[in-house]
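Counting starts at 1 for both ligands and their atoms, in listed order. The analysis underlying the following values was restricted to heavy atoms, covering all of them including side chains, and did not include hydrogens, waters or symmetry mates.
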Amino acid sequence: MKDIYILGIESSCDETSVAVVKNGREVLSNVISSQIDIHKLYGGVVPEIASRNHVLRIDEVLSEALTKAGKTMANIDAIAVTYGAGLLGALIVGVNFAKALSYKYKKPLIAVNHIEGHIAANYIAHKDLQPPFACLIVSGGHTALCEMTSYTTRKLIGTTTDDAIGEAFDKVARECGLEYPGGPNVDRLAKEGQKNINFITKPHEKLKDYNFSYSGLKTAVINYLHNKHQRGEQVNIADVCRSFEEEAVDQVVQKSIAACKKYGLKTLVLAGGVSANSFLREKATAEGKQWGIDVKFPPIVLCTDNAAMIASAGYFCFVENKNLASNLTLAPSATVRL
Ligand code: KG4
Ligand code: ZN
């Protein structure tokens with residue numbers, strides 16, 4: 001069978017990335033230009049600045065990705081681009097760039113849901129992984145549990161009733177005075193702390209389904225910090241991070257394992273930025289082992305935003321003739337449902 005080369009383009013937040021992926025699983029290049037150092041100054045991503053920096057970097061990132069892969073546009077079979085969800089201005093840059101390339105080089109254009117990209121990162125990391133499997137999506141914008149019924153279809157098992165887990169990590173980090181990006185800093189500091197603060201009495205356990213809730217936990221941490229500050233008492237930030245992290249992780253792990261048991265799924269895959277969290281990776285692996293469930297997750301570089309995962313998701317759509325988009329009319333969308 002002929003090899004298929006997909007050019008992936010990602011610009012939904014603060015990473016400008018272009019990748020070349022062969023047959024959906026083999027990364028030939030995955031160039032990521034991160035804007036973290038710029039946004040750090042403001043304590044979070046500033047959408048306008050993100051858009052401008054995508055414009056400044058994207059052309060160079062494309063050239064680098066093609067050179068590293070040893071390919072030219074002539075070798076590319078299709079272009080896959082994140083069209084949502086994400087920051088609208090940031091998405092516009094990647095989508096318009098992809099449309100222009102598709103028009104100029106007469107290549108099919110595939111519209112990729114960013115979250116499907118996060119899931120596909122696992123097809124790159126685990127060459128034998130194939131549906132069906134359970135997938136826990138834990139990102140800045142999503143917390144969801146689904147069953148992947150094929151490479152391009154899934155059944156939703158549960159979702160968050162309020163905030164996303166990554167949002168909670170970022171908010172807690174900010175309240176703790178930690179630098180952007182918050183999640184990795186909470187992860188790092190939690191290793192030095194103890195779980196000695198009881199932030200919540202597990203209200204999610206009262207949710208009978210597989211849905212999640214993070215706003216109560218987030219608020220409990222914020223209230224704890226405010227109370228301490230008002231009383232002028234010292235706060236051990238490492239303990240706060242550890243106590244929050246264990247609670248946050250416990251919720252997704254318990255529910256995912258319970259769902260795997262209920263639906264007879266033997267593999268649980270973690271996807272999204274928060275799947276980089278070291279405690280989540282450890283805890284899910286240990287719990288899975290206990291119940292004969294194989295827990296998989298991507299290497300850190302593929303957990304956070306990158307274009308290789310978009311190219312991989314695009315490949316599976318391309319071979320099934322799905323999500324083909326017009327290079328004249330494709331429009332980005334800030335919110336896309338899973
Ligand atoms: O998946 P992602 O790109 O967001 C969306 O696509 O919506 O991931 C970004 C999120 C941020 O909330 C970030 O703080 C979190 O992933 N994150 C982490 C870690 N690394 C990234 N959260 C906890 N521990 C980490 N090591
Ligand atoms: Zn993402």
Side-chain angles (χ1 to χ4, degrees), residues 8-17 19 30 32 34-36 39-40 43-45 47 50 81-88 90-91 94 112-122 135-144 159-160 163-176 178-191 193 214 217-218 221 241-242 244-253 269-284 297-310 312-313 333-338:
I9 299 175
E10 158 64 35
S11 73
S12 67
C13 193
D14 58 345
E15 259 98 30
T16 318
S17 182
N30 187 21
I32 305 166
S34 176
Q35 304 174 10
I36 283 181
H39 297 287
K40 226 178 222 174
V45 179
V81 64
T82 303
Y83 77 100
L87 302 170
L88 199 56
L91 288 164
V112 174
N113 175 338
H114 182 75
I115 293 299
E116 284 179 0
H118 275 300
I119 299 169
N122 283 283
C135 183
L136 172 69
I137 298 136
V138 276
S139 76
H142 288 81
T143 313
T159 184
T160 181
D163 297 347
I165 184 170
E167 225 177 313
F169 264 95
D170 293 338
K171 184 74 188 169
V172 164
R174 190 189 272 242
E175 290 290 325
C176 286
L178 303 177
E179 262 195 338
Y180 171 82
N185 283 325
V186 171
D187 189 359
R188 185 180 42 76
L189 218 61
K191 292 195 177 86
Y214 278 96
L217 175 58
K218 179 190 76 182
V221 178
C241 289
R242 179 74 193 201
F244 159 77
E245 185 179 79
E246 284 209 18
E247 201 68 60
V249 164
D250 190 54
Q251 185 181 154
V252 278
V253 171
V269 162
L270 312 183
V274 184
S275 65
N277 183 266
S278 52
F279 188 67
L280 171 60
R281 292 156 89 101
E282 260 170 48
K283 179 94 180 172
F297 38 78
I300 305 285
V301 66
L302 292 176
C303 287
T304 44
D305 292 346
N306 67 90
M309 68 183 196
I310 302 303
S312 175
S333 172
T335 51
V336 178
R337 292 186 76 81
L338 195 63

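Residues Asn306 and Glu10 are not in side-chain contact: their nearest non-hydrogen atoms beyond the backbone lie 4.5 Å or more apart. Lys191 places none of its side-chain heavy atoms less than 4.5 Å from the side chain of Phe279. Counting only heavy atoms from C-beta outward, the side chains of Tyr180 and Asp170 never approach each other to under 4.5 Å. Inter-residue side-chain proximity for Phe297 and Leu280 is flagged as unmet; no heavy-atom pair is nearer than 4.5 Å. Considering only heavy atoms from C-beta on, Cys303 comes within 4.5 Å of Arg281 through its side chain. When side chains are defined from C-beta on, Thr16 counts as touching Gln35, because their heavy atoms get closer than 4.5 Å. Contact of the Val186 side chain with the Cys176 side chain is not registered, since no non-hydrogen atoms from C-beta on lie closer than 4.5 Å. Between Val274 and Val252, every side-chain heavy-atom pair lies at or beyond the 4.5 Å cut-off.
For atom 7 (O) of ligand 1, the nearest non-hydrogen atom of the protein is Gly141 N, 2.9 Å. Among all protein heavy atoms, the one lying closest to atom 15 (C) of ligand 1 is Val274 CG2, 3.9 Å. Protein heavy atom in closest approach to atom 24 (N) of ligand 1: Asn277 ND2, 3.1 Å. Nearest non-hydrogen protein atom to atom 3 (O) of ligand 1 is Asp305 OD1, 2.7 Å. The protein atom (non-hydrogen) at minimum distance from atom 18 (C) of ligand 1 is Gly183 CA, 3.6 Å.
For Thr143 (side chain) and Ile165 (main-chain N/O), a donor-acceptor pair under 3.5 Å exists by modelled atom type. Although no hydrogens or angles enter the test, the distance criterion places no donor-acceptor pair under 3.5 Å between the side chain of His114 and the main chain of Tyr83. Checked by atom type and distance alone, the side chain of Asn30 pairs as donor or acceptor with a backbone atom of Ala308 at under 3.5 Å.
Of all atoms in ligand 1, listed by their number and element, those nearer than 4.0 Å to a heavy atom of His118 are 1 (O), 2 (P), 3 (O), 6 (O). For ligand 1 and Gly272, the ligand atoms under 4.0 Å from any heavy atom of the residue are 1 (O). Atoms of ligand 1 found under 4.0 Å from any heavy atom of Gly273, numbered from 1 in the order shown, are 1 (O), 2 (P), 8 (O), 16 (O), 17 (N), 18 (C), 19 (C), 20 (N), 21 (C). The atoms of ligand 1 that sit less than 4.0 Å from any heavy atom of Asp170 are 11 (C), 12 (O), 13 (C), 14 (O). Near Asp187, meaning under 4.0 Å from any of its heavy atoms, are these atoms of ligand 1: 24 (N), 25 (C), 26 (N). Proximity to Gly166 (heavy-atom distance under 4.0 Å) selects the following atoms of ligand 1: 12 (O).
Screening Asn122, Leu136, Ile137 for a side-chain contact (heavy atoms from CB on, under 4.5 Å) with Val269, the sole residue that qualifies is Asn122.
For His114, every heavy-atom contact with ligand 1 shorter than 4.0 Å involves the side chain, none the backbone. For Ser139, heavy-atom contacts with ligand 1 shorter than 4.0 Å involve the backbone as well as the side chain.
Only protein N, O or S atoms were considered, and those under 2.8 Å from the Zn ion (ligand 2) are His114 NE2, His118 NE2, Asp305 OD1.
Between atom CG of residue Asp14 and atom NZ of residue Lys40 there is a gap of 11.5 Å, rounded to the nearest 0.5 Å. With rounding to the nearest 0.5 Å, the separation of NE2 in His118 from OG in Ser139 is 6.0 Å.
Considering backbone and side-chain atoms together, Thr304 places no N or O closer than 3.5 Å to any N or O of ligand 1.
Which of Ala121, Gly140, Ala190 comes nearest to atom 9 (C) of ligand 1 through a heavy atom is settled by distance: it is Gly140.
Contact analysis leaves Pro181 out of contact with ligand 1, as no non-hydrogen atom separation drops below 4.0 angstrom.
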